Every structure is written in C-alpha cells, then in structure tokens.
Amino acid sequence: MNKYAYSLFSLNHIEELTNQHTPIHHLHPIVKLFFTLFFIIFTLTSTSYALFSYLFLLCLIILICFLAKIPVKEMLKRTLIGLPFSFFLGISNVILMPTPINFYNIPLTIGLLSMISIMVKTFLCLAIVFLFVATTPLEDIAGAFVMLHVPYFLISIILMTYRYIFLLVEEAGKMHQAYLLRHFKKEALEMKHMGSFLGLLFVRSLHHAHLVDDAMSLRGYDPGHYYGVHQPIHLDDIFLILLMAGMMLIMKVVLS
C-alpha cells in the first residue's frame, strides 16, 4: 500500500469509527462539542504543577476510549504526532528558566517542568479533539454548528474542504504513479521535480474543483443553504451540558 492509498485508508478508517454504536456515539453532537470545549479550557488553564489535574484528564481520555470502543493505540498514533512541535516550542523554556525546583521529590528545573507541561497539554487537547471527531460524523458536527448559528457559508466550506481531500489525495497518487513510470529507476519524487509536481497538482486540482462546482451548481446547490439535517436538542441534553460544566468546575477547584 503506497502512502496515498494509506492516507485514503486512514480517512476512511476514521469515518468507520464514527459509525459505531456506543454510549458515546449516541450522545448529542452539541453535548460532545461542549464537553470538548470544557476539556480544552480545563487543560489550558491548568498550571505546570497541577499533576493531579493532568492525571484526572488522562483518566477521562482512557475512559472515553473504553466507552467509545476506540483502541488506545489508535488514539496515540493520531495524537503523538503533535508532540515534536510542542517539544520545540517548549525547549526555549528549558534554556531561559534554569532555576532548579523539587517537584514531588524529583529534581527538575522550572523550564523543564514548563516544557513537559506544554507537551502534556498538547497531547490532551489533540486526544480529546480526535475522540470528538472519531465519535461524531462530520454531518452531525455540521448540524451542531448550524444549531449554534454558525454561518452556513462557513459550514459549507468545512464540508467541501473535507470531501475534497479524497479527490486531492487520489489525484496526487495518480501523478506520483505516472512520475515513477516515466522515471522507472527512481523510487521517490526528486526534490528538483517537486516544484513542477506541486504546480501541476494545483492546476489539476483547480480543474477538478471547477468541474465539481459546475456539477453542483447545475443541481441547484447554494453554499448559503445547509442541506443536511440536525438532531433536535432536548432538555436532558441541556441538563447534561450543565452537569458536565459543573463537574469540570468542581474538579478544577478541587485539583488546583
């Protein structure tokens, strides 16, 4: 399986995860959206010394994986890719803040603890976002945005961008295969040909985009109108949102 086919397989696999029948999948998209926001706010507002807050959030991640039947290995594979960026972001703190401290009888520096905190926060935020995407179909997410009065035009851009990824990856795979057939002694795309390859990919993608847009326009598509359906929100969903907000606030006060 080449890398382009693997990319398409990965996207399809995420969509397959959203079609499972678990208690997490059956929650209203708005409930899951607000929980994700509460989780991210809880994570970002935690200090570098809040060890028990991070352990609590990590337990929540593992619990959601268990309830949603999402393999922890799958979640780690999707989220750990962001750690190198946070590592380079926090490495400056190690240099600029060399003051030694004693963190639970472990000798560290303020800068090192800050870098570890940044990496943990990055992992937790990416993990909860992945779990939200892996348990909520894109159409349900769009429906939740509609209920929150997000402009239809922005929702259409999100939906079309996601759907067009498949066409873009497929087109890139065809071009790469054609390149290898013309240069049968090459195993990969050479850097000197990268510019022309990307330029041609842009032109062909733009051509496909015009064809798709023309076809949708002929069928009466209006980007300012949302054609999907969204689940109505009930009182128990609102109560669940308020309950989650209260629990998060209580845990924030207790663990801080």
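Here the structure is a predicted model, which is why all the values come from computation and not from measurement. Only this structure's heavy atoms are used, side chains among them; waters, hydrogens and symmetry mates stay out. Numbering starts at 1 and runs along the sequence shown.
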> Which is it for L17 and T135 under the side-chain contact (heavy atoms from CB on, under 4.5 Å) test, yes or no, and what are the steps along the way?
Replying inline: CA-CA 7 Å; L17 292 176; T135 56; over 6 Å; no

> In terms of ring plane angle, is the pair Y49 and F103 parallel, tilted or perpendicular, where the classes change at 30° and 60°?
Replying inline: tilted

>> Please report the interatomic distance NE2(H25) to CG(D140), rounded to the nearest 0.5 Å.
In response: 10.5 Å

> Judged by modelled atom types alone, do S117 and Y54 share a side-chain donor-acceptor pair under 3.5 Å?
Replying inline: yes

> What's the shortest heavy-atom distance between A127 and M75, and which atoms?
Replying inline: CB-SD, 3.8 Å

> Do I64 and L58 share a hydrophobic cluster, counting only Ile, Leu, Val, Met, Phe, Trp and Tyr and linking them when any side-chain heavy atoms are less than 4.5 Å apart?
Replying inline: yes

> What residues, two or more places apart in sequence or in another chain, satisfy ring-ring contact (aromatic ring centres under 6.0 Å, His included) together with H234?
Replying inline: none

>> Working note: H28 + M147, criterion side-chain contact (heavy atoms from CB on, under 4.5 Å); need CA distance, chi angles, decisive distance, verdict.
In response: CA-CA 12 Å; H28 195 283; M147 298 183 67; 3.9 Å; yes

> What closest approach, in Å, do F56 and M248 show between heavy atoms, and which atom pair accounts for it?
Replying inline: CE2-SD, 4.5 Å

>> Side chains of F66 and V72, heavy atoms from C-beta outward: is any pair under 4.5 Å?
In response: no

> Considering residues, nucleotides and ligands other than F88, do more than 12 of their heavy atoms fall under 6.0 Å from its CZ?
Replying inline: no

> With side chains defined as the heavy atoms from C-beta onward, is the minimum distance between T122 and F87 less than 4.5 Å?
Replying inline: no

>> Quick check for you: to the nearest 0.5 Å, what is the distance between M251 atom CE and S53 atom OG?
In response: 8.0 Å

>> Show the nearest heavy-atom pair for residues I118 and G90, with the distance to one decimal.
In response: CD1-CA, 4.1 Å

>> Applying a strict under-4.5 Å side-chain criterion to I, L, V, M, F, W and Y, I'd like to know whether L37 and F239 cluster together.
In response: no

>> Once rounded to the nearest 0.5 Å, what's the spacing between atom CE of M247 and atom CZ of F42?
In response: 10.5 Å

> Considering residues, nucleotides and ligands other than H21, do more than 12 of their heavy atoms fall under 6.0 Å from its NE2?
Replying inline: no

> Is L108 close to P100 at the side-chain level, that is, under 4.5 Å between some pair of heavy atoms?
Replying inline: no

> When rounded to the nearest 0.5 angstrom, what distance separates CG in D237 from CG in L242?
Replying inline: 11.0 Å

>> Tell me whether I41 shares a hydrophobic cluster with I241, the cluster being built from Ile, Leu, Val, Met, Phe, Trp, Tyr side chains joined at under 4.5 Å.
In response: no

> Any luck finding a side-chain donor-acceptor pair between T22 and K69 under 3.5 Å?
Replying inline: no

>> Applying a strict under-4.5 Å side-chain criterion to I, L, V, M, F, W and Y, I'd like to know whether V253 and L243 cluster together.
In response: no

> How about L148: does its CG atom have over 12 heavy atoms from other parts shown lying under 6.0 Å from it?
Replying inline: yes

> To the nearest 0.5 Å, what is the distance between CD1 (I61) and CD1 (I128)?
Replying inline: 4.0 Å

> Just by modelled atom types, is the V133 backbone N or O under 3.5 Å from a matching donor or acceptor in the T136 side chain?
Replying inline: no

> Please walk me through it: do F132 and I141 pass side-chain contact (heavy atoms from CB on, under 4.5 Å)?
Replying inline: CA-CA 9 Å; F132 172 64; I141 297 176; 3.9 Å; yes

>> Would a single hydrophobic cluster contain both L113 and L89, if residues Ile, Leu, Val, Met, Phe, Trp and Tyr are joined by side-chain heavy-atom contacts under 4.5 Å?
In response: no

> Do K252 side-chain atoms and T45 backbone N/O form a donor-acceptor pair below 3.5 Å?
Replying inline: yes

> Of all heavy-atom pairs between C65 and L131, which one has the smallest distance, and what is that distance?
Replying inline: SG-CD2, 3.7 Å

> Would L240 and F35 count as a side-chain contact (heavy atoms from CB on, under 4.5 Å) if you check the C-alpha gap in whole Å, the side-chain angles of each, and the deciding distance to 0.1 Å?
Replying inline: CA-CA 10 Å; L240 187 56; F35 177 79; over 6 Å; no

> Taking all atoms of both residues into account, what is the closest heavy-atom pair of I233 and I238, and its distance?
Replying inline: CD1-CG1, 4.1 Å

>> Give me the atom names and distance for the closest heavy-atom approach of S46 to K121.
In response: O-NZ, 2.7 Å

> Roughly how far, to the nearest 0.5 Å, is CD1 of I116 from CG of N93?
Replying inline: 11.5 Å

> In terms of heavy-atom contacts, does CG of L235 have more than 12 from other residues, nucleotides or ligands at under 6.0 Å?
Replying inline: no

